[in-house]
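Have a look at the structure below before the remarks.
Excluded from the calculations below are hydrogen atoms, water molecules and symmetry mates; all remaining heavy atoms, backbone and side chain alike, are included. Convention: sequence-line order gives letters A, B, ...; per-chain numbering from 1. As the structure is a prediction and not an experimental result, all values here were calculated from the model.
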Amino acid sequence: MLLAGGPQAVEELRRAGVRRGAPVALAVDAAAGVGMAAAGRRLAVPAADADPASVVDEVERVLRPRWVWWDAGTAVRLVAAGVRVATCWDLAAVDRLLHGGWRVDPAVVWARAQGLPLDAAPTGPPDLWSVAADLDEDGGGDGAADGPVRRDGHLKATWVDGGWAAAPDRLAAWAAAALAAAERQQERLRQLDRPVAAAVARSESTAELLCAELAADGLPVDRAEAERIIAAVVGPRARSEAEAAAQRARRDAEVLRHVPGLEVDLRSPGQVRSLLRRVGIEVADTRAWRLEALRDRHPVVEALLAWRKAERVATTYGYGWLDRHLGADGRLRGEWTASDGAAGRMTATAGLHNLPAELRGAVVAEPGHVFVRADLGQIEPRVLAAVSGDRALAAACATDDLYAPVARSLGVDRETAKVAMLGAMYGQTTGRGAQVLRRLEAAYPVAMAYLAAGDEAGRMGRDVRTYGGRLVRLGAGDERRLDEREARRRAAARGRYGRNALVQGAAAELFKMWAVTVRARAAPLGARIVLCLHDELLVHAPADQGDEVARVVAACLDEAAGRWAPGTDVRFVVDVQVVRRWSDVRG
DNA sequence: TGCGGCTATTG
DNA sequence: CACAATAGCCGCAG
């Protein structure tokens, strides 16, 4: 059905019974317009009749549905057009949750949702062959023949490759296919037999939306302050390549003057090792923690460690980094991925996730604003208590510092208890932690068995599923021609990976549920999340709303934990502070 | 030119 | 120096 604009679309959707939170599939193309599908109807608004962004915005404001789309590309397009919607169902994100790993295109998402054999799905851009085949299907005569789906059930290569954007009615048909795929995904989530999986699928979807916003909004950074910090370490900005080379040489000389007559490239670990050998220091490698203990042996060690710090700033977090990532509007922007790596953590580029502590002084709220900074306390052991159902560990979570009761249970000091608990979650098998591990097994048998099961699965190359339903692939890979020792070493590494993925992955699920809850509840106060850091949120808020946002952020943790682990008696804790700059956070 | 190793930063 | 990540430079193979 062709419509003229947003109000008419709202009317049609309302007549179809669409209410707040109901699925409305969406396909947007700036040139062609908007296609929607919901409750058995297909609607299209040509771009010639109404601005696509305004149509989506109108429907959002009046109906606030759960938007269903193929992948985060739609989220990125909406955010770029200035449209912020509340919630979505991201087929690609849910596909990664259900099936693990890699980023995939609609052809694969569709095939997996429908349970079709993947080897028959179209791959890559269409070639002469698949174009002819799709045309042949279109001419087949039956009513739906010119839709996006082939007779064998797979999507047509020409549609996957962008054919959906050719005309308004195609946008609507593409949206209808997305809606059908979403329904099949929900069925698959139900089959997982994990009541929380559907809620996780929703928050993982909305986390994709949050990532699109984080990438667009950026992190407020005071350029002058950043340049002051950098200048204090590496000096003023070089005006030419020659000047930069001279600065480098000057830094190098500060180290080399301690070893006269030696020609050494300090950037080469091998040469640094020979340098140290020349002054009587023999080391297996030259990492800082190892050199730290040798500071007194020779003055060159101290100089080298200082050189390394400056070199880090000069190469990775120097003026070049500012120029590449800090916009004229004082926002530091990187790319965000909502579920990456081993277990579905968020990742970010541009140094957003590994900014050296010194530079946090340059992260300053804009005039009239504050940061509400919140971090989850001891999130991994608490998550372990929740997902494993260990009653004793859950009881320890009642205190703000869970390592205190754990230490009492084990009969060791707090530091030892902490190292042992972390060691259990990471798979440490040597040192002091390993000895205390046996006491941990006695005190918290359910939690430790949960970890051991992850370890076993990893060693066997068996995939695991996190508490929230994310499949973590642990396939053994190609290990022919490995000697016994190397094969054992790799199996042990996979064991640690599998053990940790269950905890880290579950923590990432809870974190994202918290983050999207904060996103929703803080928006009416004019506040926006500007940084997500695994267990920490930085929210940029109007100064007069700081305390209220802080209250909301804390309340959101209870709300998210209640949704993620209903009925659990595990207590989650959060530390919330209102600050003007990130470095003002007290430890 | 691509990739593994080394190193540093963060949670 | 366990688990995860990004990022830069060096040295070596192709």
Next item on the list: Report, as yes or no, whether the 6.0 Å neighbourhood of atom CD on A:Glu335 holds more than 12 heavy atoms from other residues, nucleotides or ligands.
Entry: no

Next item on the list: Taking atom CD of A:Glu263 as the centre, report whether more than 12 heavy atoms of other residues, nucleotides or ligands fall under 6.0 Å from it.
Entry: no

Should [X] be listed as having a side-chain N or O under 4.0 Å from OP1 or OP2 of [N]?
{"X": "A:Arg290", "N": "B:dA8", "result": "no"}
{"X": "A:Arg360", "N": "B:dG11", "result": "yes"}
{"X": "A:Gln271", "N": "C:dG11", "result": "yes"}
{"X": "A:Thr286", "N": "B:dT7", "result": "yes"}
{"X": "A:Arg345", "N": "C:dA5", "result": "no"}
{"X": "A:Thr316", "N": "B:dA8", "result": "no"}
{"X": "A:Arg312", "N": "B:dT9", "result": "no"}

Find the distance [X]:[atom1] to [N]:[atom2] and express it as a whole number of Å.
{"X": "A:Asp285", "N": "C:dC10", "atom1": "CG", "atom2": "P", "result": "19 Å"}
{"X": "A:Trp582", "N": "B:dG11", "atom1": "CH2", "atom2": "P", "result": "7 Å"}
{"X": "A:Met425", "N": "C:dC1", "atom1": "CE", "atom2": "P", "result": "19 Å"}
{"X": "A:Leu531", "N": "B:dT9", "atom1": "CG", "atom2": "P", "result": "19 Å"}
{"X": "A:Leu538", "N": "B:dT10", "atom1": "CG", "atom2": "P", "result": "16 Å"}

Notebook entry, point to check: Do A:Glu509 and A:Thr466 have a side chain donor and acceptor closer than 3.5 Å?
Noted result: yes

Notebook entry, point to check: Under 30°, 30 to 60°, or over 60°: which ring-plane class applies to A:His540 and A:His369, parallel, tilted or perpendicular?
Noted result: parallel

Between [options], which one does the side chain of [X] approach most closely?
{"X": "A:Gln428", "options": "B:dG11, C:dA2, C:dT6", "value": "C:dA2"}
{"X": "A:Trp289", "options": "B:dT9, C:dC1, B:dG11", "value": "C:dC1"}
{"X": "A:Gln504", "options": "B:dG11, B:dT7, C:dA7", "value": "B:dG11"}
{"X": "A:Asp535", "options": "B:dG11, C:dA7, B:dA8", "value": "B:dG11"}
{"X": "A:Asn500", "options": "C:dA4, C:dA2, B:dT9", "value": "C:dA4"}

Base, sugar-phosphate or nothing for [X]? Non-hydrogen atoms, less than 4.0 Å.
{"X": "A:Arg496", "answer": "sugar-phosphate"}
{"X": "A:Gly423", "answer": "base"}
{"X": "A:Leu352", "answer": "nothing"}
{"X": "A:Arg324", "answer": "sugar-phosphate"}
{"X": "A:Ala501", "answer": "nothing"}
{"X": "A:Tyr497", "answer": "sugar-phosphate"}
{"X": "A:Asp340", "answer": "sugar-phosphate"}
{"X": "A:Ala343", "answer": "nothing"}

Item checked: Between CG on residue A:Asp463 and NE2 on residue A:His99, distance to nearest 0.5 Å -> 11.5 Å

Margin query: Nearest 0.5 angstrom please: A:Leu410 CG to A:Arg438 CZ, how far?
Written below: 13.0 Å

Margin query: Need to verify one output field. Residue with the more 5' nearest nucleotide on DNA chain C, A:Thr315 or A:Ala288?
Written below: A:Ala288

Margin query: Can you work out whether A:Gly427 or A:Arg267 has the more 5'-proximal nearest nucleotide on DNA chain C?
Written below: A:Gly427

